[in-house]
Amino acid sequence: MIHLISDLHLTPADDVLLLRFCTYLKRLNPGDSLFILGDLFEYWLGDDACEYLEQDPVEQALTELTNQGISTSFMRGNRDFLVGKDFADRCGITLLDDEHLLQFDGRPILLMHGDSLCTDDHSHQIFRKMVREQAWQDDFLSRPLTIRDEMAKAVRYRSESGKTMKDSAIMDVTQSAVDDVMRLHGVDLLIHGHTHRPAVHPFSLPGSGNVHRVVLGDWDQAPSFIRLDQHTLELAHAGTSNHLVI
Ligand code: MN
């Protein structure tokens, strides 16, 4: 079975959330696959900062998971875009590029974090472009941890306060961006997170017919996840569950 999650926003301050995550992982079985579609962590300062951020319990949980034969893939989100190869190697997980094509039973499914689809959020797109550049990342990662922490906090708080001031419609995906990326990859199913608006969206893609966009939710109340099994997709969020025959 294939499992997908995103947007946990784990912080050391939230023990309940960490426990929720670890309890969820125990439900997976050897031979299953787990895809984490970004924002597992509230923020990340580099793979050498795991202990500093008190995220070593998460590293341990992921390592135990992969040691059990549960293949685990990680796509970076807009909060944890600095997760790198060192952390991945330590946990035995595979890093994915944004816009990953998952081959499921001969059918391609497009996986994304989702922030790149929010093209109406101009300030975020400018920030995203900057921090995804190798030169910016090299410079950031060369600084002492405490400086990195200060810089990340400044950005995070600005982003938080910015969010409340924006029209909520701007923070959702832009339909034309969804259409474009699905057409580019020739898929009829897109799964992403980021917007914290869990739903199954059927719509018509001109030239391609009926397609679906499925959105994962956050973990504030309960685990939010997708399960893919045979020909069924199940989206579970806050005690409710949506099924889609695929
Ligand atoms: Mn996000």
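Order of appearance sets the numbers: ligands from 1, and atoms from 1 within every ligand.
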Distance-only donor-acceptor pairs under 3.5 Å for side chains of residues 239-246, two or more places apart:
unit_1, atom_1, unit_2, atom_2, d
Thr240, OG1, His237, O, 2.9
Ser241, OG, Glu234, OE2, 3.1

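- Note: the hydrophobic cluster containing Trp44 also contains Leu17 (ILVMFWY, side chain heavy atoms under 4.5 Å, direct or indirect links).
- A continuous path of hydrophobic side-chain contacts links Leu40 to Tyr52 [ILVMFWY only; heavy atoms under 4.5 Å].
- Side-chain contact of His196 with His9: a donor-acceptor pair under 3.5 Å is present, judged by distance alone.
- With waters neither drawn nor counted, the protein N/O/S atoms under 2.8 Å from the Mn ion (ligand 1) amount to 4.
- Salt-bridge formation is not detected for the pair Arg20/Asp220: no Lys NZ or Arg NE/NH1/NH2 atom is positioned less than 4.0 Å from an Asp or Glu carboxylate oxygen.
- Closest of all the heavy-atom pairs between Phe87 and Asp47 is N-OD2, 3.0 Å.
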